[in-house]
There are 2 protein chains.
Amino acid sequence: MDDALRAVADPTRRAILVLVRDREVSAGEIAERFPEISRPAVSQHLRTLTAARLVDVRRAGNRRFYRLRPEGLAEAVTFLETMWSTSLSRLQHEAEQEERAHTGDQDVKGSL
Amino acid sequence: MDDALRAVADPTRRAILVLVRDREVSAGEIAERFPEISRPAVSQHLRTLTAARLVDVRRAGNRRFYRLRPEGLAEAVTFLETMWSTSLSRLQHEAEQEERAHTGDQDVKGSL
DNA sequence: TAAGTGTTTAAGCAACATCTTACACACTTT
DNA sequence: AAAGTGTGTAAGATGTTGCTTAAACACTTA
């Protein structure tokens with residue numbers, strides 16, 4: 001998960017993931033989409049994504065085709081989803097309590 | 001989303017998020033959980049998380065209580081979930097096609 | 001086998017992130 | 001008001017990241 005989240009923290013790499021989500025794309029074709037950075041830079045991002053097991057590579061002749069490897073995101077998604085949803089339901093629960101008893105601010109006490 | 005994902009990329013910050021998921025926790029109490037790093041380091045992580053809008057702060061007397069702000073994760077979760085699930089269903093679809101017609105490797109052609 | 005095409009690796013650099021120590025701030029208690 | 005407690009900020013050292021240019025590798029075609 002650590003590698004996956006670190007990899008996904010970079011906006012260029014996220015854009016690459018979107019590109020290779022639905023179909024295989026060659027390194028060159030990917031690089032074309034990022035005119036502002038050099039080919040080697042893209043290649044390095046691809047290496048990072050591969051190392052994080054977020055993409056698969058297929059070599060075909062001269063080229064290398066990249067494609068999303070969604071399983072690689074599983075742990076990261078689970079972590080964030082857990083943080084997100086269980087906490088949201090907690091908030092909802094509190095809202096109900098708030099509605100039930102309109103106790104003014106009780107300050108710290110409860111947490112001490 | 002960018003800030004949120006960058007914030008979550010750090011393992012210490014992820015651990016902090018877990019700590020403050022279910023209840024408010026004071027800065028000092030958080031710092032106690034990380035004996036290996038200094039208090040200021042923890043404070044800086046808390047600042048990062050606050051800036052990324054991943055936690056809320058409540059000042060009470062001397063202390064500051066932190067708590068998860070799950071809404072801050074919404075975009076990040078949505079992004080990863082989209083990449084994850086839509087791509088998984090794609091794989092499933094392909095598996096069906098694979099089962100239907102056992103065409104041997106057709107190599108690149110389709111992608112050219 | 002030589003030249004061409006697609007891609008990665010190497011080396012170096014500038015920017016950024018994370019940690020530490022020292023200090024400052026804010027609130028509390030005496 | 002002074003001392004104590006909880007916390008954040010500043011400054012600087014160190015490691016990491018992401019980029020660039022130059023070179024190398026791998027496969028294809030003439």
Under 4.0 Å from OP1 or OP2 of [N]: is there any side-chain N or O of [X] that close?
X	N	value
A/H45	D/dC19	yes
A/R6	D/dT17	yes
A/R47	C/dT8	no
B/S38	C/dT20	yes
B/T12	C/dT18	no
A/R39	C/dT7	yes
B/R13	C/dT18	yes
B/Y66	D/dG6	no

So, B/R14 and A/D2, do they make that salt bridge, N to O below 4.0 Å? yes
Less than 4.0 Å between a side-chain N and a carboxylate O, is that true for A/R63 and A/E24? no
[X], nearest nucleotide to its side chain (from [options]):
X	options	result
B/R64	D/dT7, C/dG4, C/dT8	D/dT7
B/N62	C/dA10, D/dC27, D/dT5	D/dT5
A/S43	C/dA26, C/dT9, D/dT20	C/dT9
A/R59	D/dG6, D/dC27, D/dG8	D/dC27

Whole-Å distance, B/I37 CD1 to C/dT20 P, equals 7 Å
Under the 3.5 angstrom rule, does the side chain of A/R69 hit a backbone N or O of A/R53 as a donor-acceptor pair?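 It does hold such a pair.
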Identify whether any heavy atom of [X] sits under 4.0 Å from a base atom; if not, whether one sits that close to sugar-phosphate; answer base, sugar-phosphate or nothing.
X	answer
A/E32	nothing
A/F34	nothing
A/S26	sugar-phosphate
B/A27	sugar-phosphate

